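One structure is given below, encoded as structure tokens.
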Amino acid sequence: MIIVKVGGSEGIDYDAVCDDIAQLVSAGQRLILVHGGSSLTNEVSEALGHPPQFITSPSGYTSRLTDKRTLEIFQMVYCGQMNKGIVERLQMRGVNAIGLSGMDGRLWQGKRKKAIKAIENGRTRVIRDNYTGTVDEVNCGLLETLLDAGYVPVLTPPAISLEGEGINVDGDRASAATAAALKASDLLILSNIPGVLSNFPDESSLVRTINLSDIDDASENFAEGRMRIKLLGAKEAIEAGVQRVVIGDARGANPISRALAGEGTVIS
Amino acid sequence: MNTTECPECGGEVIMAANVIVGEIIECSDCGVELEITSLSPLSIELAPEVEEDWGE
């Protein structure tokens, strides 16, 4: 079983991703796809007159300020256009894909963070109108039922809170939680760079392997922005029993097969 | 400059005149984190214990 997370950044070729999935599934590979949608969400937010706002936590992590209206736009993009666009591509290639969000069937359940801290113009403040959280539980029963029946799940944030509210969650960490819960052999995190770069954005500075014991150092020394979250997700997955995480490139042909062959940054 | 009393230790909390609602400041006596919950009248409470936000 493999879990594949493909980011929503610009430059991702979803036709190539789906071609590869179709090939792997027809060869018998059990697979779940998780996708993002951040770039398109930014565009749609601007078009709807509710431009995206990003906040920085005291430790330097950047994330989308997700008030109620932002969550609605997020759902339109992630659950709507992105998710159904991928399901359509897969169905056209003979893959019986089923698109679900973490909210559906409580696939991804977690606590909503009712208060978070953010740094703005050098000041720290509390933000309360924020619909974000982390995935604490994965509905393995539902996923296994779908997989056993021959479906290929295509999953997306948002997740669902204990109280039933939609919550924005990090897709890489949600993928890691899914891989861990289902005891996947591999978690592939694919985006628009070759892997972890020791000298971002120089793509020739690809770090080919990282041992579990070195992840914290790698994160501190040369990971920036969302890559730090990807490395955190990788660490969580491996500590929970996933054998290998590959952070690789979703651009170009056969991105999943190439990652399975070790192209990218292999973490174990 | 505004001043008020720390709800934790009773010490004097001094803050800039341009603080905003929701801002976190620290009591210089006991170091506890405080949240400004209102400006008129000025009021502060212990800041909530919160985690980092790593939404998508």
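Basis for what follows: all heavy atoms, side chains included, without hydrogens, waters or symmetry-related copies. Small disclaimer: the values here were computed from a predicted structure and weren't measured. In what follows, every chain begins at residue 1, and chains take the letters A, B, ... in the order their sequences are listed.
Residue contact with chain A, scored on non-hydrogen atoms closer than 4.5 Å, is absent for B:Ile36.
Counting heavy atoms from C-beta on, the side chains of A:Arg123 and B:Asn18 come closer than 4.5 Å.
Remark: A:Glu163 CD is packed, more than 12 non-hydrogen atoms of other residues, nucleotides or ligands lying under 6.0 Å away. Around CD of A:Gln81, the count of heavy atoms belonging to other residues, nucleotides or ligands within 6.0 Å does not exceed 12. More than 12 heavy atoms of other shown residues, nucleotides or ligands fall within 6.0 angstrom of atom NZ in A:Lys114. Counting non-hydrogen atoms of other residues, nucleotides and ligands closer than 6.0 Å to CD of A:Gln53 gives a total of 12 or fewer.
Between B:Glu35 and A:Arg128, at least one side-chain nitrogen of the basic residue sits less than 4.0 Å from a carboxylate oxygen of the acidic one, meeting the salt-bridge criterion. Salt bridge annotation for B:Glu23-A:Arg125: absent, with no cationic side-chain nitrogen under 4.0 angstrom from a carboxylate oxygen.
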